[in-house]
Visitor: 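One structure, pasted below without further comment.
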There are 2 protein chains.
Amino acid sequence: MMLFDDVTSEEGSKEKIILEAAMDEFIAEGWAGARMQSIADRAGINKPLLHYYFRSKEKLYNQTVYRVMAYFFGFVLGNVEGKDSFQEFLRAFIDSVIDETAENPRIPLFIMQELSRGGETIRGILSQVLSEQNPPVTEVMRTNLIRAMETGEIRPVNPIQFIMSLLGSCLYFVMAEPIIMELGKQTGLLGNFDRSRFLEERKEAVFTLLYNGVRS
Amino acid sequence: MMLFDDVTSEEGSKEKIILEAAMDEFIAEGWAGARMQSIADRAGINKPLLHYYFRSKEKLYNQTVYRVMAYFFGFVLGNVEGKDSFQEFLRAFIDSVIDETAENPRIPLFIMQELSRGGETIRGILSQVLSEQNPPVTEVMRTNLIRAMETGEIRPVNPIQFIMSLLGSCLYFVMAEPIIMELGKQTGLLGNFDRSRFLEERKEAVFTLLYNGVRS
DNA sequence: AATCGGTTTGACCATATGGTCAAATATAGG
DNA sequence: CCTATATTTGACCATATGGTCAAACCGATT
């Protein structure tokens with residue numbers, strides 16, 4: 001997976017190797033499908049050692065979830081700073097989300113699936129991750145929207161509704177990729193498919209559609 | 001769950017009861033998390049009887065998946081027939097998708113998750129379901145889009161790109177509901193939340209945004 | 001060399017789980 | 001009533017899985 005080259009509590013190698021392995025496994029298989037043995041194999045160690053470093057499957061899972069969420073709710077921020085117009089901001093946002101999720105396509109589905117299945121614990125983790133964000137993505141987004149409404153760049157819209165449409169449009173492709181591939185195969189609409197080319201087209205399409213949708 | 005009151009191969013009660021139970025369990029827990037015992041309990045029977053009717057977990061799962069997919073890719077069709085303008089068509093489509101998924105919020109996530117995790121078998125099922133559609137949803141959608149472009153109601157757009165943005169916008173809320181609820185709680189942006197009121201607002205917002213986004 | 005803390009491992013355990021089977025029970029037809 | 005067929009059940013099995021433990025190993029310090 002290799003999402004967390006940056007310093008994240010454990011700088012030493014072993015814990016990190018295990019966490020990367022655990023992420024791969026949990027994201028691929030979900031909580032119920034993930035196997036401690038399989039995580040150990042991926043990490044190149046044996047099962048007791050797994051328990052030595054992370055007491056239980058649950059503990060390991062929680063740390064994994066925390067990291068994945070922190071990454072997922074954080075990566076956009078760096079790419080949208082200092083954009084003056086809403087147009088620029090929107091473009092940067094879309095590019096950032098699509099590029100990043102295209103490289104880690106299972107993450108959005110993983111987070112949503114586990115959240116809608118899981119109990120208090122996982123929601124607590126989400127809550128914590130969100131509260132640690134400074135500033136929160138949602139706030140940056142909202143600020144930009146409101147500013148653009150005030151300057152008259154865009155017409156009045158409900159920020160939450162717009163954000164949901166934006167995220168839905170950006171994330172849908174990677175989440176539904178198997179369906180789209182199958183549809184494409186069956187209808188022939190996709191021709192000979194070039195993923196990275198398609199993603200560029202997708203960025204452009206989302207931007208155009210949404211910007212036309214809101215501009216005054 | 002009660003999705004299939006209509007005749008679907010087994011008219012008798014037992015098989016149907018079991019299938020409903022299996023759907024609830026599989027949708028809630030996924031393939032790996034679902035337990036045959038739990039399905040039996042939900043159906044009010046015991047485990048050997050489950051195997052008597054459906055030989056194995058895999059067989060039962062495949063039937064479940066087939067039915068869920070057939071439902072998911074089919075329900076829209078009835079609601080969008082006979083719409084003259086693209087405007088009407090789009091509105092009916094959005095209303096239909098949002099209403100239906102709001103009642104069965106786990107289904108989109110279930111399908112996407114299992115597809116991106118599963119192997120040949122589940123993709124084969126998807127392929128079959130799609131090929132059995134007459135006409136396919138995708139074709140109806142495409143026809144309407146092309147007609148609207150020809151009459152000049154909307155500007156030229158790539159059909160696949162538009163469909164993806166549309167579906168993403170419609171489905172995102174139910175898929176990400178736990179995240180949105182948490183965000184709302186944390187930022188106070190949602191106030192005292194009324195789900196059905198919000199869904200109405202959502203339909204309107206999606207329609208306005210997308211229609212403005214494409215109209216000439 | 002002896003010792004001490006941290007690390008690694010093979011052997012093992014308790015439980016959960018998908019699945020089976022022969023016996024029992026119900027149901028329908030003669 | 002009797003029999004054949006379909007349904008139902010308790011008891012059981014093999015395996016997988018999360019987890020444990022005592023013993024071994026290793027590197028540094030004295």
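Chain letters run A, B, ... following the sequence lines, proteins first and then strands; every chain starts at 1. All values reported here derive from a predicted model rather than from experimental measurement. The figures that follow rest on heavy atoms only: side chains count, while hydrogens, waters and symmetry mates do not.
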Visitor: Step by step, work out the side-chain contact (heavy atoms from CB on, under 4.5 Å) result for I17(B) and Y53(B).
Guide: CA-CA 11 Å; I17(B) 290 172; Y53(B) 282 102; over 6 Å; no
Visitor: Testing E103(B), E201(B), E177(B) one by one against R195(B) for a salt bridge (charged side-chain N to carboxylate O under 4.0 Å, His left out), which residue passes?
Guide: E177(B)
Visitor: Reading DNA chain D in the 5' to 3' direction, which nucleotide is the first one with an atom under 4.0 Å from a heavy atom of chain A, and which is the last?
Guide: dT17(D) to dC21(D)
Visitor: Of all the heavy-atom pairs spanning G33(B) and E25(B), show the shortest one and how long it is.
Guide: O-OE2, 4.1 Å
Visitor: Pick base, sugar-phosphate or nothing for A32(B), based on heavy-atom distances below 4.0 Å to the nucleic acid.
Guide: nothing
Visitor: Ignoring hydrogens and geometry beyond distance, is a side-chain donor-acceptor pair present between E58(A) and N62(A) at under 3.5 Å?
Guide: no
Visitor: So which atom in S116(A) and which in L109(B) form the shortest heavy-atom distance, rounded to 0.1 Å?
Guide: OG-CD2, 3.7 Å
Visitor: Roughly, in whole Å, what's the span from NZ in K14(B) to C1' in dA26(C)?
Guide: 11 Å
Visitor: May I ask you to list the residues of residues 40-50 of chain B, by number, that have any heavy atom positioned under 4.0 Å from an atom of DNA chain C?
Guide: K47(B), P48(B)
Visitor: By nearest nucleotide on DNA chain D, pick out whichever of Y52(B) and M36(A) is the more 5' one.
Guide: Y52(B)
Visitor: Using the six-membered ring of F173(B), assess whether NZ or CZ of R202(B) lies under 6.0 Å from its centre and within 45 degrees of the ring axis.
Guide: no
Visitor: Check V137(A) against F73(A) and note the closest heavy-atom contact, atom names and distance.
Guide: CG2-O, 2.9 Å
Visitor: Can you check side-chain contact (heavy atoms from CB on, under 4.5 Å) on E200(A) and D95(A), steps first, answer last?
Guide: CA-CA 9 Å; E200(A) 289 308 312; D95(A) 287 358; over 6 Å; no
